[in-house]
Amino acid sequence: MKILVIGTGAREHAIVHSLDRENVSGTASHELHAAPGNPGIAGVATLHEVDPLDGVAVAALAERLGAELVVVGPEAPLVAGVADAVRAAGIPVFGPSGEAARLEGSKSFAKEVMAAAGVPTAMAHVCTDVSELEAALDAFGAPYVVKDDGLAAGKGVVVTDDRAAALAHGAACLSHDNGRVVVEEYLDGPEVSLFCVCDGTTVVPLVPAQDFKRVGNDDEGPNTGGMGAYTPLGWAPSGLVDEVLSRVAQPTVDEMARRGTPFSGVLYVGLALTSRGTRVVEFNARFGDPETQSVLARLATPLSEVLLAAARGVLADLEPLRWRPEASVTVVVASEGYPASARSGDPITGIEDAESLPGVHVLHAGTGLSETGELVSAGGRVLSVVALGTDLADARRRAYEGVARIELKGSHHRTDIALKAERGEVTVP
Ligand code: AMP
Ligand code: GLY
């Protein structure tokens with residue numbers, strides 16, 4: 001199959017890597033294309049230059065290539081309606097319409113849909129001015145949770161005990177065009193990401209994963225796009241996936257269909273397992289990064305079959321998904337200064353060395369090529385080192401051995417990805 005993947009991150013590299021594995025194992029022979037892609041993706045797919053936010057240009061590229069499936073990775077093109085343009089050209093596309101992607105693009109819209117569908121989530125106030133903001137902060141009390149209403153690459157949320165900091169963040173969100181800010185009840189308990197593949201009607205959950213959003217060990221420091229992930233979650237209640245399917249994902253997909261804006265693609269359900277039960281923290285309209293790197297590493301069913309079935313609206317016919325029994329740990333290597341800033345242009349070496357370790361592969365995100373063709377850093381999150389192991393301890397050991405073999409001046413990474421889970425220290429209140 002000719003497949004075009006849109007995006008530039010490690011998530012897109014993970015998708016292309018999984019599709020390429022079908023070629024390597026001989027179960028399929030795909031012709032892989034990506035736009036804009038990155039130097040890692042270029043190892044297994046042909047890259048094309050395109051503005052990923054320009055639906056007409058993406059659809060034209062897909063037509064020119066004769067693509068039989070287009071996969072849109074990131075949220076910004078989805079919210080901009082890129083999947084609609086490709087679908088209008090008659091090409092199967094994996095990813096929701098712009099209307100349906102509002103589940104991620106607007107936190108207040110997501111809250112409205114959750115309320116209509118009876119989905120358990122944090123209580124919230126949508127504020128449009130500072131006096132409403134102050135009233136909402138005082139109504140919920142500390143810890144304060146203040147969220148920009150629009151897309152903010154995981155950085156629009158502040159969780160703090162400091163009322164002044166909460167107020168300052170909220171006021172900054174309000175000062176944007178059409179500024180709206182969502183103030184929420186604080187949710188205690190561990191977080192889980194569950195990706196639900198949808199075709200507008202049917203929902204197929206993948207395996208749950210956990211993400212590490214804060215930049216520092218022990219969840220210290222500011223939020224990032226995500227510094228690491230692992231799966232499986234040995235500590236999670238056994239009925240979790242069924243509960244989320246029946247109380248969250250299916251009611252949401254049904255509500256979106258009822259509204260005439262069916263949701264297809266990945267409904268990313270971000271959950272908190274709180275003392276008062278399972279609550280939705282957020283919806284995203286795409287695969288999560290870096291959880292996808294670990295989740296897809298364990299998927300034994302050919303990924304192309306899953307994506308195509310969703311794009312064609314025939315997920316109900318898909319055989320139950322098969323999973324590898326191993327555990328997977330992903331560690332993100334970030335450039336100096338991330339997330340506040342990101343140093344770029346530094347040489348990266350040691351990737352092949354890392355990949356010579358059993359069960360380890362390295363996915364590119366913020367990488368580029370220098371004028372002399374040398375691999376250099378070109379963004380905040382630079383690489384994802386992904387390891388499969390017999391259990392979390394084994395996968396962790398391999399992932400960190402891989403990280404140790406990579407050299408990038410000034411880079412940093414968390415050293416505690418999956419550590420508490422390995423030690424059995426994650427508890428549900
Ligand atoms: P979001 O962009 O909504 O996913 O929020 C980013 C991160 O902020 C989440 O992964 C949580 O760690 C934290 N967060 C968001 N909402 C809440 C909440 N209501 N209570 C506690 N933490 C939250
Ligand atoms: N892992 C967080 C996200 O993709 O938004």
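What you see is a predicted model, and the numbers here were worked out from it, not measured in a lab. As the structure lists them, so they are numbered: ligands from 1, and atoms in each ligand from 1.
Ranked by closest heavy atom to atom 17 (C) of ligand 1, the top entry among Asn284, Val145, Thr121 is Val145.
Close N/O approach between Glu291 and ligand 2 is found [any backbone or side-chain N/O within under 3.5 Å]. At under 3.5 Å, a nitrogen or oxygen of Lys213, whether backbone or side chain, sits near a nitrogen or oxygen of ligand 1. Taking only nitrogen or oxygen atoms, main chain and side chain alike, Ala122 does not reach within less than 3.5 Å of ligand 1. Residue-to-ligand polar distances keep Glu282 apart from ligand 2: every N/O pair is separated by 3.5 Å or more.
Judged by the shortest distance from any of its heavy atoms, Lys107 lies inside the 4.0 Å radius around the atoms of ligand 1. Residue-ligand proximity: Tyr268 is placed with a non-hydrogen atom under 4.0 Å from ligand 2. The shell of residues lying under 4.0 angstrom from ligand 2, judged by heavy atoms, excludes Gly226. Ligand 2 has no atom lying under 4.0 Å from any heavy atom of Arg11. Residue contact check for ligand 2: Ser193 places no non-hydrogen atom closer than 4.0 Å to it.
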*Applying side-chain contact (heavy atoms from CB on, under 4.5 Å), run through Glu184 and Lys111 and close with a yes or a no.*
CA-CA 11 Å; Glu184 280 189 10; Lys111 285 288 183 193; 3.2 Å; yes
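Summarising the geometry of Val79 relative to Gly105, their closest heavy-atom pair is CG2-CA, 4.1 Å, with the distance given to 0.1 Å. Residues Val197 and Leu315 share a closest heavy-atom pair of O-CD1, 3.4 Å.
Listed by first then second residue, pairs satisfying ring pair (Phe, Tyr, Trp, His ring centres under 6.0 Å) with a partner in residues 262-281 read Phe195-Tyr268, not counting sequence neighbours.
Asp162 and Thr160 form no side-chain donor-acceptor contact under 3.5 Å, judged by distance and modelled atom types alone. Counted by atom type alone, Thr415 and Asn217 present one or more donor-acceptor pairs between their side chains at under 3.5 Å. Between the side chains of Glu243 and Thr278, at least one donor N or O sits under 3.5 Å from an acceptor N or O.
Within ligand 2, the atoms closer than 4.0 Å to a non-hydrogen atom of Gly225 are 1 (N), 2 (C), numbered from 1 in the order shown. The distance from ligand 2 to the heavy atoms of Gly288 drops below 4.0 Å at these ligand atoms: 4 (O). Near Asn284, meaning under 4.0 Å from any of its heavy atoms, are these atoms of ligand 2: 5 (O). Ligand-side atoms of ligand 1 in range of Glu191: 9 (C), 10 (O), 11 (C), 12 (O), range being under 4.0 angstrom from any heavy atom. Listed by atom number, the atoms of ligand 1 under 4.0 Å from Tyr186 heavy atoms are 20 (N), 21 (C).
Arg381 and Asp289 are joined by a salt bridge, as a carboxylate oxygen and a charged side-chain nitrogen come within less than 4.0 angstrom of each other.
Looking at Arg286 against ligand 2, only its side chain comes within 4.0 Å, counting heavy atoms.
Rounding to the nearest 0.5 Å gives a distance of 7.0 Å between CG of Leu392 and CD of Glu422.
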Just list the side-chain donor-acceptor pairs under 3.5 Å for residues 8-17, sequence neighbours left out, or say none.
residue	atom	partner	partner atom	Å
Arg11	NH1	Phe287	O	2.8
Glu12	OE1	Gly9	N	2.8
His13	ND1	His364	N	2.8

